[in-house]
Amino acid sequence: MSARARDLKAQGVDVVAFGQGEPDFDTPQKIKQAAIDALNAGQTKYMPTLGDPETLAVISAKFTSENKIPNCTPKHVAISSGGRHSLFVVLQCLIDCPTAGQPQDEVLLPVPAWVSYGPIAELAGAKVVEVPTTAATDFKVTPAQLKAAITPRTKVLILNSPSNPCGTMYSEAELRALADVVADAAKSVAPNMIILTDEMYEKLVYGGIPHFSIGSIPSVAERTITVNGLSKTFAMTGWRVGYTGTSGEFGLKFIKAMSDLQGQLTTNITSFVYPAIRVALTQCGPEVEEMRQAFARRAELIYSLSKQIPGMPAPRPTGAFYLFPDVSSFFGKRTKKGTTINSGVDFAEALLAEACVVVVPGDDFGGCGANHIRFSFACSEDNIRKGLGRIAEFVDGMK
Ligand code: PLP
């Protein structure tokens with residue numbers, strides 16, 4: 001969709017884009033300056049594989065004070081080349097290679113979910129077991145569903161809060177209930193089960209639900225791996241910085257495994273980026289808050305405008321920067337130009353062709369995602385007004 005939108009834009013067409021999951025802000029200047037200064041000071045050589053001691057210390061202090069993860073020292077932390085790379089290395093270390101005649105490790109994935117979890121888990125050799133969620137629970141897995149999905153082969157549960165693509169998030173009580181299920185399962189049916197929690201959007205919350213890290217709960221702390229990164233919070237998608245935090249004895253062993261693997265893959269991230277990470281995590285509270293407030297205003301705007309369009313229900317976004325409406329009420333209808341809509345993909349394609357608006361069809365997110373489209377509102381309020389106006393007209397013309 002993005003490529004088609006680019007082509008149309010190149011032809012001079014006025015396209016409104018809600019596709020890209022990327023903040024439209026620039027990286028704060030003091031973060032850039034820290035990298036420039038390090039580069040000028042000659043910090044251009046190899047560094048330790050998982051990061052320099054100073055930056056690992058800053059990240060472990062962040063995990064300890066903000067996320068309340070117990071026993072998380074610099075030796076419990078790894079820095080990788082973006083959140084996706086962190087997840088890749090983590091899952092490669094967790095999943096056993098499939099062997100003929102042996103059952104495959106299973107990864108439980110509540111869906112709809114971000115598109116890369118499934119492929120990354122499969123590349124590591126896992127069987128991905130989708131756990132379908134619905135709008136009735138704001139697309140959150142319930143303790144009963146989780147309990148029913150756990151088998152002796154369950155190795156990992158992936159959680160993502162706030163969620164891409166759903167724009168919703170778990171409360172502390174909900175995460176505690178899920179942690180209880182995992183702690184119980186670990187005593188019997190799934191002794192090696194790990195929670196992999198992706199908290200990339202932890203700072204972009206605005207629905208009144210405070211972000212909570214499941215890795216802070218003592219009963220599961222030593223079986224929880226927390227992945228985060230700078231891409232979304234600090235508008236640093238191009239810098240490629242992801243980081244992983246663990247706890248206790250398990251964490252020490254696990255980070256050693258990550259070091260062994262990453263040492264043969266990418267080794268350290270770009271060396272002059274380390275001081276920029278430290279500045280981002282310790283000095284950029286006001287900049288992050290400014291961006292968060294902008295996202296909060298956009299969330300309210302897009303949610304209120306979408307509610308005025310009949311037949312497009314969506315949960316109120318409470319975190320990240322996505323709105324995830326159900327468009328199945330339009331299936332079986334025809335657009336003004338005569339296209340029949342039978343899926344989210346049809347809806348998104350017709351919307352681009354007939355109204356020049358780009359959204360992401362939800363089928364790649366799994367489960368009921370096929371009935372949905374995803375808006376990224378990492379764009380201006382004018383863009384939101386213009387795009388939603390066009391969509392209102394587009395659906396109004398349907399029969
Ligand atoms: N996790 C989630 C939920 C995401 O939405 C994304 C990016 O879209 C990532 C991880 C990957 O982030 P990065 O750009 O740091 O690789």
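Just the heavy atoms: all of them, side chains too, but no hydrogens, waters or symmetry mates, feed the values below. When a ligand or atom number is given, it counts from 1 through the structure's own listing order.
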Charged N to carboxylate O below 4.0 Å: is that the case for [X] and [Y]?
X: Arg84; Y: Asp198; result: no
X: Glu289; Y: Arg292; result: yes
X: Glu22; Y: Lys232; result: no
X: Lys32; Y: Asp37; result: no

Can the ring centroids of Phe394 and Phe347 be said to lie less than 6.0 angstrom from one another?
->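 Phe394 vs Phe347: aromatic centres under 6.0 Å.
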
Do Phe139 and Tyr170 have ring centres separated by under 6.0 Å?
->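 No, the ring centres sit 6.0 Å or more apart.
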
Is it the case that more than 12 heavy atoms not belonging to Lys336 sit under 6.0 Å from its NZ atom?
->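 No - once you tally the heavy atoms of other residues, nucleotides and ligands closer than 6.0 Å, there are 12 at most.
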
Give the residue, atom name and distance (to 0.1 Å) of the protein heavy atom nearest atom 2 (C) of ligand 1.
->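 Residue, atom and distance for the closest contact: Asp198 OD2, 3.4 Å.
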
Give the residue, atom name and distance (to 0.1 Å) of the protein heavy atom nearest atom 12 (O) of ligand 1.
->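 Checked against all protein heavy atoms, atom 12 (O) of ligand 1 sits closest to Met200 CE, 3.2 Å.
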
Proximity flag [X] to ligand 1, non-hydrogen atoms under 4.0 Å:
X: Gly229; result: no
X: Arg240; result: yes
X: Thr237; result: no

Arg84 and ligand 1 - part of the residue with a heavy-atom distance under 4.0 Å |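 Both backbone and side chain.
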
With heavy atoms of [X] as the reference, note each atom of ligand 1 found under 4.0 Å away.
X: Lys232; answer: 6 (C), 7 (C), 8 (O)
X: Ser231; answer: 13 (P), 14 (O), 15 (O)
X: Asn160; answer: 3 (C)
X: Tyr117; answer: 3 (C)

Heavy atoms only: which of Trp114, Tyr243, Phe321 is nearest to atom 9 (C) of ligand 1?
->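 The option holding the nearest heavy atom is Trp114.
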
Pairwise side-chain contact, Val58 with Ile277, heavy-atom cut-off 4.5 Å (strictly under) |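 The answer is no, as the side chains (C-beta and beyond) never meet within the 4.5 Å cut-off.
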
